[in-house]
Structures are given as structure tokens and as C-alpha cells.
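Whatever order the structure lists them in is the order used to number ligands and atoms, beginning at 1. If you're wondering where the values come from, they're calculated on a predicted model, not measured in any experiment.
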Amino acid sequence: MAKVLVSDSVDQAGIDILSQVAQVDVKTKLSPEELVATIPEYDALMVRSGTKVTEEVIEAGNQLKIIGRAGVGVDNIDVPAATRRGIMVVNSPEGNTIAAAEHALAMMLSLSRHIPEANQSVKEKKWERKNFIGSEVYKKTLGVVGLGKIGSHVATVARAMGMKLLAYDPFISAERAEQLGCRLVDLDIIFTEADYITLHIPRTPETENLINAEALAKMKPTTRIINCSRGGVIDEEALATAVENGTIGGAALDVFAEEPLGESKLREVGSNIVLTPHLGASTEEAQTNVAVDVAEQIRDVLLGLPARSAVNIPGLNPDVLEQLRPFLQLAETLGNLVSQLAGGRVEQLNVRLQGELTDSQSQPIVIAALKGLLSQALRERVNYVNASIEAKERGIRVIETKDASVHDYSGSLRLEATGSLGEHSVTGALLSDQEMRITNVDGFPINVPPNNYMLFTLHRDMPGIIGKIGSLLGGFNVNIASMQVGRKIVRGDAVMVLSIDDPLPEGVLDEIMKVPGIRDAYTIKL
Ligand SMILES: NC(=O)C1=CN([C@@H]2O[C@H](COP(=O)(O)OP(=O)(O)OC[C@H]3O[C@@H](n4cnc5c(N)ncnc54)[C@H](O)[C@@H]3O)[C@@H](O)[C@H]2O)C=CC1
Ligand SMILES: O=C(O)C(=O)COP(=O)(O)O
């Protein structure tokens, strides 16, 4: 039975799903050393933001197939390291959108109405109404930095509260911003004009310290900043100073450069600062959503099914996958076949989508072909996650082409491998019942289904040669399931394709090569 380690606290609904297919161990608060020591026996790891899934953890996890992040941000996971090791990383891109957006809105309102300080004061048996005069958000300008899923929901609600909206997001169109009632502007306009600035961006090299002393200096003394996205996008020291000195009106932070927050000047600022311990996603609803979403994906992957939100398999969303699945299988089979025909090191793979297949997304098909191509060398180590990287590291040049003018079957796929031992090509197609056919080998038309064990020969088309091969195999007790010859011209060169029931015994290939007229022979295992 597969084993799943859950190393941060996740909703029971997720554990229940995982338990259908695996032994689930919940071990939270493991030290980095304990995690490294524990991970080797597990097939899957499920985390939230607490566990740091470093390269060391990934290297130690030699059984790991999938890492599930019950949430959005995967910055606590070394995704490139996982990709190199062929480990899928999945998340829940939408499960906590509403929770995080509502937390940002709650932070904005608590800041503008001094709710935390007022609450504290009442609890201290005071009644200080004059000290806590707030300001309304109605008709104020909100600058939304990052107009993705969470930023969009914040914008929608803020608009309903009568706020004027500015937005900055270099990857969003002005039309989309307009739909949300936002004016798309440069960051500097937000810094100078906004009364409230809310951040909904990932932490990337571009967003690191986006709000620094220089940016803070441009803001109005009443501007309030809300950050429920990621720590590190604000220079915390500069922010604390700005709030303390009244350069800006206040700040509400849910996330920090270092979590848990250690020694920090932020704590020392007496008023106009609200701090929460990364609670954006902490609602019952969001926790159920993300746990179920990610547990289902881990379960599916452990059962050999695709995941719907893989972070490190580009272009493979479930709909595309479902539609392309038979072609992915075909691409993998052809990749495996052409690598065996090529024999040596492959330097270039040309993947050509033909006929109706040209309407399909080529990227997943290319990945599948590479997976097949590399499966001889890497066996089960290669998968959809790392096939492209492994190919790149081996210096395999990949060329994608589309040719809509070819009209065989309902679309076909041609792979051409150029390598140290020459050039080979194979073409395959799917019949109407989705059955695979190899339709061309090295330019010779054939029509055979792929088989576990196959023998391909290149020979001169002359009388008697087929019989000789047949009786030679018979002599070695090799049973032929089917045989076909493809040729371009009579008595020219031809290929013979035999499907055989068992692997070819040792030495038979050498005997075949001795048959007069045989130019080449290849045994294939698919
Ligand atoms: N506090 C919490 O508990 C939670 C925090 N988050 C975090 O909130 C952030 C936003 O999440 P979603 O809206 O779901 O992600 P999203 O991917 O839907 O949106 C992020 C947006 O940021 C934009 N962006 C990227 N680089 C940018 C830049 N340099 N300047 C401006 N915009 C930029 C992107 O174009 C995108 O539209 C993420 O960092 C996520 O990890 C998410 C959920 C809970
Ligand atoms: O989903 C995200 O990106 C979050 O930041 C939520 O983090 P959490 O799962 O609550 O530790």
C-alpha cells in the first residue's frame, strides 16, 4: 500500500480521501532533519506553507511521486528540484481564494476602524471612543497590486463598498481590469494616489521588496497598506519606520519574510498596525476545499491517473489531457520505437503533427514523445514532469512541426530521430476505435499495431527472403503473430515488420543479418 506523509495540519476531509488508497501518517512540526529522515519511506507528501520542502528533502524522498500543496503558493517547495527528480507538484489554485480575499478586506476595515486597538482597550475596561475615530473606505481609492484570483475578488467587493479602483498587474489586460471596474495604471500612480494599497502577488525576484523605503516615501501620509499575499514583497523594517513616523497611515500584514515572525520592529509600532499569523486561508470552508482538492489529486496520481492542477507539467490541464490521451500514448510508443531504431545517442527529434492532429496542442504530445524516447535510457525515472528537462540536459534538440496537408487517418504523428548512428522515422495514427497503428517506418508504408516484441528488417525486396526469415525464426522456436512488408517500389528496398510472441533469443539477430539481402535488423521491445 502507498504511504502518504501529511506534515502540516490539513482538514480531515483530505485525510479521509487519501486513506481510501494509502496509509496516511500525520506528522506535523517535524524539524528539517526529522523530515529528511522520515521522507524516504513515503510515496507522497502533503503540506501547507509550514513545511519547507527543500532540495535536501526531495533528494531524500527517493520514493516520492507527488508533493501536494493544500493551498496556492508553492514557494515553500523547491519546484525545480522536484521537477528534475520527476516528482509532480500539485496545488489548489482556487480553494482558498475567497478566504484570502475576505481576510484582506477584513484587514482593511480593521485598520481603518482601529478594531484591534479598540478591542484591546475595552478588554482593559476602558471606554475610549474619542481615541478610535476611524475613516470610511467609501469613495476612497484602493490600489490593487496583482489582479489575479484573489485581487479580482477583493476588487469586486471593494467596488460594491463604493471604492474607486486602481490596479497594477503587468500580465492582465486593460479590458479585464475594466471589467472589474479597475483602471490599470503604473505602480507609481498607485503609490501616489491610493488611500489603500492591497497586495495580491507572488513572491518573485521582480516583486521582492516591491514596497521599499523609496515607494513608501511616495505615498500619502494617510495611505494604508494591506498584505495578505507573501512576505518579502515589503521591506518590513522600512514599513515599520514609515508607520511609526506617520509617513503612511498604517499597515495590516498577514504574511512575513520569515515565518513564524521572529524578532521584528513591526511588533514595536504602537498603533495603526495590524498583524495576523498567516491566516488568509484559515477558514473552515477554504481548508476543506484545499484539502479535498489536493488529496483527490494525490489519490489520483497514486492510482496512475492524471492530476488537474500540476504546477510542474506545463500545458497539461485535465480537459486537454482527456482529449489527447490516446495520442499521448501513441506519441510515447512511437518515441520508444524510434529510439530503439536509432540505437545510439539521439541528437535531434523532429515531432511532426499531421492532418487533423495539427488542431491539437502540440506541447503535451512532444512531452509524451520525449518520455517514450528517453524510456530506454531512463526507464521509470522519466515521466511527464521531467521528460523535457532530461532531454534538454542530454542536448537533444527538439523541433516541432505541423503539416495540415497530410490526410491519412484522422491525423497522424511522425517522429524523426537523428542520432550518432543515423536517421530513422516512424509514423503512427489512431483508428476510429482509437487503436494504434504504425503506418510508416523509415519512409516505407506499413500498417501494423504496436506489439510488445517486434522485429524490423530493412532488406532487398526479392523472392524467398520472407520465407527464409520465417523458417529461421521457426528454427529458434520463435512464434510469429503477424508479418507485413512495406515497400516503395517492386524489387527495391523494403521493410519487414514482424510481431513475435516472445523476445528474440540471443544470437538470432546475428543469424538474420547473415541472410542474403538483409541490410539491417532491429529487435524492438515496446
Ligand atoms: N495569506 C494567505 O494565507 C494566502 C496567500 N495567498 C497568496 O496570495 C497571492 C495571490 O494569489 P492568487 O490571487 O491566487 O494568485 P494568482 O496567480 O491568481 O494572481 C497573482 C497575480 O499577480 C500578478 N503578478 C505577478 N507578478 C507581478 C508583478 N511583478 N507585479 C504585479 N502583479 C504581478 C499575476 O499576473 C497574477 O495576476 C499568492 O502569492 C498566494 O500565494 C494565497 C492564498 C492564501
Ligand atoms: O495558499 C497559500 O498560498 C497560503 O499562503 C495559505 O497558506 P496556509 O496553507 O494557510 O499555510
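Tyr42 carries Lys3 over the face of its six-membered ring, with the cationic atom under 6.0 Å from the centre and within 45° of the normal.
Enumerated by chain and number, the residues approaching ligand 1 to less than 4.0 Å through a heavy atom are Val72, Gly73, Asn96, Ala100, Gly146, Leu147, Gly148, Lys149, Ile150, Tyr168, Asp169, Pro170, Phe171, His200, Ile201, Pro202, Thr207, Cys228, Ser229, Arg230, Asp254, Val255, His278, Gly280, Ala281. Residues of the protein with a heavy atom under 4.0 Å from ligand 2 are Arg48, Ser49, Arg69, Ala70, Gly71, Val72, Gly73, Asn96, Arg230, His278, Ala281, listed by chain and number.
To the nearest 0.5 Å, the span separating CG on Leu147 from CG on Leu184 amounts to 7.5 Å.
Between Asp43 and Leu64 the shortest side-chain heavy-atom distance does not fall below 4.5 Å. You'll find the side chain of Ile226 stays beyond 4.5 Å of the side chain of Leu105, heavy atoms only. Side-chain contact check for Asp75 versus Arg230: some heavy-atom pair is nearer than 4.5 Å.
Side-chain atoms of Gln12 and Asp16 include a donor-acceptor pair closer than 3.5 Å.
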Assess whether side chain to side chain contact (heavy atoms under 4.5 Å, CB included) is satisfied between Met107 and Thr276, documenting all intermediate values. CA-CA 9 Å; Met107 293 288 254; Thr276 52; 3.2 Å; yes

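Without hydrogens or angle criteria, Glu117 side chain to Phe132 main chain gives no donor-acceptor distance under 3.5 Å. For the pair Gln287 (side chain) and Ala281 (backbone), a donor-acceptor distance under 3.5 Å is present.
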